[in-house]
J.: 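This is the structure, below, for whatever I ask next.
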2 protein chains.
Amino acid sequence: MADPTLCCASVVETPLDRVEAANLAHVLAALADPIRLQLFSIVAAQGEVCSCDLEAPLGRSQPTISHHTKLLAEAGLIVGEKRGRWVWWRIEPTRLADVRKALGAD
Amino acid sequence: MADPTLCCASVVETPLDRVEAANLAHVLAALADPIRLQLFSIVAAQGEVCSCDLEAPLGRSQPTISHHTKLLAEAGLIVGEKRGRWVWWRIEPTRLADVRKALGAD
DNA sequence: CCTTAATATCGATAATAGTCAATCTATCAA
DNA sequence: TTGATAGATTGACTATTATCGATATTAAGG
């Protein structure tokens with residue numbers, strides 16, 4: 001779903017209002033899980049990864065992997081492309097940059 | 001508590017191991033809540049804030065505010081100093097910078 | 001001391017989130 | 001068309017978390 005509004009001032013400049021806080025918290029929550037962080041870093045390192053190649057390194061079942069990829073995708077942090085029976089995931093670097101900026105990147 | 005280990009390579013460079021993922025997830029989880037994000041941004045904007053001045057703008061009870069400041073402090077993101085009956089909170093900018101770096105700051 | 005005030009802690013509750021087995025859907029191959 | 005495979009969805013269970021009332025703790029001030 002990727003709520004498009006992570007643009008504005010950083011968290012250290014101006015007090016966030018409720019909507020800004022909710023939007024940013026939603027994206028941060030997607031990253032605030034060890035399995036999803038590992039998943040994200042594997043995808044980032046390999047460029048493109050099939051869902052089927054995530055179960056083994058993460059030690060989680062297929063439905064659980066599917067659940068985590070869905071959350072990361074809804075947060076706009078990864079994008080999936082279906083090719084035949086497989087879904088190939090890549091990260092969305094601009095979205096991650098938005099998060100850094102929201103956390104006060106110079 | 002502020003686990004000191006957020007130094008290393010960013011999440012987009014190398015796949016995180018379990019320990020790195022757990023440490024980073026812990027700090028991100030502290031930020032991944034709307035109330036704590038607002039709290040953090042209020043403290044950042046004002047430089048120093050007393051706990052007693054957080055209940056009203058955040059619309060939460062005193063025990064809840066105390067709970068959230070504790071989580072942020074345990075993540076190393078804010079520091080509290082007791083002066084008389086009051087606790088004054090300030091942010092830890094280096095800790096926030098560590099998070100940005102872990103998320104791939106250039 | 002005793003009272004008041006700021007904060008922390010405890011206990012309970014309701015909501016949220018991670019996990020997996022079972023099942024459904026879509027795609028490909030024979 | 002049938003069988004096999006990748007992924008999504010559902011349902012149930014458990015664990016975690018946000019919240020607040022009640023209580024404890026600590027520090028002035030009189």
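Protein chains get the first letters and strands the later ones, always in sequence-line order, with residue 1 at the start of each. This is a predicted model, so every value here is computed, not measured.
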J.: What's the NE2-C1' distance between B:His67 and D:dG21, to the nearest Å?
T.: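 Distance check: B:His67 NE2 to D:dG21 C1' gives 16 Å.
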
J.: For A:Lys82 and A:Asp33, find the nucleotide of DNA chain C closest to each by heavy atoms; which residue's nucleotide sits nearer the 5' end?
T.: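 Taking each residue's closest nucleotide, the earlier one in sequence belongs to A:Asp33.
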
J.: Of all the nucleotides listed (D:dG7, D:dT19, C:dT19), which has the minimum atom distance to the side chain of A:Cys52?
T.: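 Among D:dG7, D:dT19, C:dT19, the one nearest the side chain of A:Cys52 is D:dG7.
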
J.: Does a nitrogen or oxygen in the side chain of A:Arg60 sit under 4.0 Å from OP1 or OP2 of C:dG18?
T.: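 False: A:Arg60 side-chain N/O out of range (4.0 Å or more) of C:dG18 OP1/OP2.
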
J.: Does a side-chain heavy-atom distance below 4.5 Å link B:Arg85 with B:Arg83?
T.: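 A side-chain contact under 4.5 Å is absent here.
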
J.: List the atom of B:Thr14, the atom of A:Ser41, and the distance in Å for their closest heavy-atom pair.
T.: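 Closest approach of B:Thr14 to A:Ser41: O-CB, 3.9 Å.
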
J.: Are A:Trp89 and A:Leu71 linked, directly or through intermediate hydrophobic residues, by side-chain heavy-atom contacts shorter than 4.5 Å (ILVMFWY only)?
T.: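 No, because A:Leu71 and A:Trp89 fall into different hydrophobic clusters, even though each may have its own neighbours under 4.5 Å.
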
J.: Checking side-chain contact (heavy atoms from CB on, under 4.5 Å) between A:Ile42 and each of A:Val49, A:Leu37, A:Asp53, A:Ile91, which is the one that passes?
T.: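 For A:Ile42, the side-chain contact (heavy atoms from CB on, under 4.5 Å) test succeeds with only one of A:Val49, A:Leu37, A:Asp53, A:Ile91, which is A:Val49.
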
J.: Provide, to the nearest angstrom, the distance between the CD atom belonging to A:Glu55 and the P atom belonging to C:dA21.
T.: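 Atom-to-atom, A:Glu55 to C:dA21, this comes out as 11 Å.
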
J.: To the nearest Å, give me how far apart CZ (B:Arg83) and C1' (C:dA5) are.
T.: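 The answer, rounded to whole Å, is 18 Å.
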
J.: Has the side chain of A:Gln62 got a donor or acceptor that lies under 3.5 Å from a partner of the other kind on the base of D:dA8?
T.: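 Such a pair exists between side chain and base.
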
J.: What integer distance in Å separates A:Leu72:CG from D:dG7:C1'?
T.: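 So the two atoms are 16 Å apart, to the nearest Å.
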
J.: What are the two closest heavy atoms between A:Ala30 and A:Leu72, and how far apart are they?
T.: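 Looking at all heavy atoms of both residues, the shortest contact is O-CD2, 3.6 Å.
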
J.: Nearest-Å distance, CD1 (B:Ile35) to C1' (D:dT17)?
T.: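 That distance rounds to 14 Å.
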
J.: Can you measure B:Trp88 atom CH2 to D:dA27 atom P for me and round it to whole angstrom units?
T.: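 Rounded to whole Å, this separation is 17 Å.
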
J.: Choose from C:dC20, C:dT4, D:dA4 the nucleotide whose nearest atom is closest to any side-chain atom of A:Ser61.
T.: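 Looking only at heavy atoms from C-beta outward on A:Ser61, the closest nucleotide is C:dC20.
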
J.: Taking CD1 from B:Ile65 and C1' from C:dT9, how many angstroms apart are they, rounded to a whole number?
T.: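 Answer to the nearest Å: 16 Å.
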
J.: If you only use heavy atoms from C-beta on, which nucleotide in C:dG18, D:dT9, D:dA18 is closest to the side chain of A:His68?
T.: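 Looking only at heavy atoms from C-beta outward on A:His68, the closest nucleotide is C:dG18.
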
J.: May I ask you to say what B:Ser51 touches in the nucleic acid, namely base, sugar-phosphate or nothing, with a heavy-atom cut-off under 4.0 Å?
T.: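 Counting heavy atoms under 4.0 Å across all strands, the contact made by B:Ser51 is with sugar-phosphate only.
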
J.: What is the nucleic acid contact for B:Leu54, judged by heavy atoms within less than 4.0 Å: base, sugar-phosphate only, or nothing?
T.: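 If one applies the 4.0 Å heavy-atom cut-off, B:Leu54 turns out to touch nothing in the nucleic acid.
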
J.: Tell me whether A:Arg18 contacts the main-chain N or O of B:Gln38 through its side chain, where contact means a donor paired with an acceptor under 3.5 Å.
T.: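 No; judged by distance alone, with no hydrogens or angles, the pair does not exist.
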
J.: Using heavy atoms to find the nearest nucleotide of DNA chain D for A:Trp86 and A:Thr64 separately, return the residue whose nucleotide is more 5′.
T.: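 Closest to the 5' end, via its nearest nucleotide, is A:Trp86.
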
J.: Out of C:dG18, C:dA29, D:dG7, which has the shortest distance to the side chain of A:Cys50?
T.: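 It is D:dG7.
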
J.: A:Lys70 side chain N/O closer than 4.0 Å to the phosphate oxygens (OP1, OP2) of D:dG7?
T.: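 Indeed not, no polar side-chain atom of A:Lys70 lies that close.
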
J.: Consider the side chain of B:Arg85, meaning its heavy atoms from C-beta on, and name the nucleotide among C:dT7, D:dG29, D:dA8 that approaches it most closely.
T.: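 For the B:Arg85 side chain, the nearest candidate turns out to be D:dG29.
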
J.: Classify the nucleic acid contact of A:Arg36 as base, sugar-phosphate or nothing, counting any heavy atom under 4.0 Å across all strands shown.
T.: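 Touches sugar-phosphate only.
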
J.: Starting at CG of A:Leu39 and ending at P of D:dG7, how long is that distance when rounded to a whole Å?
T.: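 Those two atoms, CG and P, are 12 Å apart.
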
J.: Looking only at side-chain atoms of A:Pro63, point me to the closest of D:dT19, D:dT9, C:dA8.
T.: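 Given the options D:dT19, D:dT9, C:dA8, the side chain of A:Pro63 is closest to D:dT9.
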
